[in-house]
Amino acid sequence: MYFEPKNRHLLVLPVECEEKKKSLIVLPEDYKKPESPYIICDILGKAEDCSLEVEVGDRVVIERRMLQEVKAAGETNYLVLENYVYGRLLDE
């Protein structure tokens, strides 16, 4: 089932970019590195009234705390309002 975003929202898929590096310092198992306030997402869909110049398949940087998790019909979808997109990542 496809979730169609409305009201200037983008349907996105967060991309987890974790770099695991070996460290000489031993940390407790429950230690969690502080998360960046930004997250990279792939665009899966956009509302018809979006004025942001992005297309499905583009990769964008958004503010992590503005990412909304919406569970509907047994599926989890992630939405962000177009205002919280900081920029688009381009391959050169």
Taking only residues two or more places apart in sequence or in another chain, which ones pass side-chain contact (heavy atoms from CB on, under 4.5 Å) with T76? E69, K71, Y78
Taking C-beta and beyond as the side chain, do V80 and C41 meet within less than 4.5 Å on heavy atoms? no
What I'd like to find out is whether the side chain of L67 reaches to under 4.5 Å of the side chain of V12, using heavy atoms alone. yes
Which other residues belong to the hydrophobic cluster containing L79, where Ile, Leu, Val, Met, Phe, Trp and Tyr are joined when side-chain heavy atoms lie under 4.5 Å apart, directly or via other members? Y2, F3, L11, L13, L44, V70
Any heavy-atom pair between the side chains of H9 and E82 that's under 4.5 Å? no
What distance separates Y38 OH from R65 CZ, expressed to the nearest 0.5 Å? 10.0 Å
Contacts satisfying side-chain hydrogen bond (donor to acceptor under 3.5 Å, both in side chains) that involve residues 39-55 (not counting sequence neighbours) are D42-R59
side-chain hydrogen bond (donor to acceptor under 3.5 Å, both in side chains) with E4: which residues, sequence neighbours excluded? K6
Can you get from L81 to L52 by hopping between Ile, Leu, Val, Met, Phe, Trp and Tyr side chains that sit under 4.5 Å apart? yes
Residue pairs, two or more places apart or on separate chains, that pass ring pair (Phe, Tyr, Trp, His ring centres under 6.0 Å) and touch residues 39-71: none
Please list all pairs meeting ring pair (Phe, Tyr, Trp, His ring centres under 6.0 Å) that have one or both residues in residues 41-64, counting only residues at least two apart or in different chains. none
Are side-chain heavy atoms of C50 and L10 found at a separation under 4.5 Å? yes
Tell me the closest heavy-atom pair linking P5 and G45, and the distance in Å. CG-C, 3.9 Å
The salt bridge (charged side-chain N to carboxylate O under 4.0 Å, His left out) partners of E75 (sequence neighbours excluded) come to none
Among the clusters formed by ILVMFWY side chains lying less than 4.5 Å apart, do V60 and M66 turn up in the same one? yes
With a cut-off of 3.5 Å and sequence neighbours excluded, list every side-chain donor-acceptor pair involving residues 83-91.
from : atom 1 : to  : atom 2 : distance (Å)
N83  : OD1    : R8  : NH2    : 2.6
Y86  : OH     : E63 : OE1    : 3.1
R88  : NH1    : D58 : OD2    : 3.4

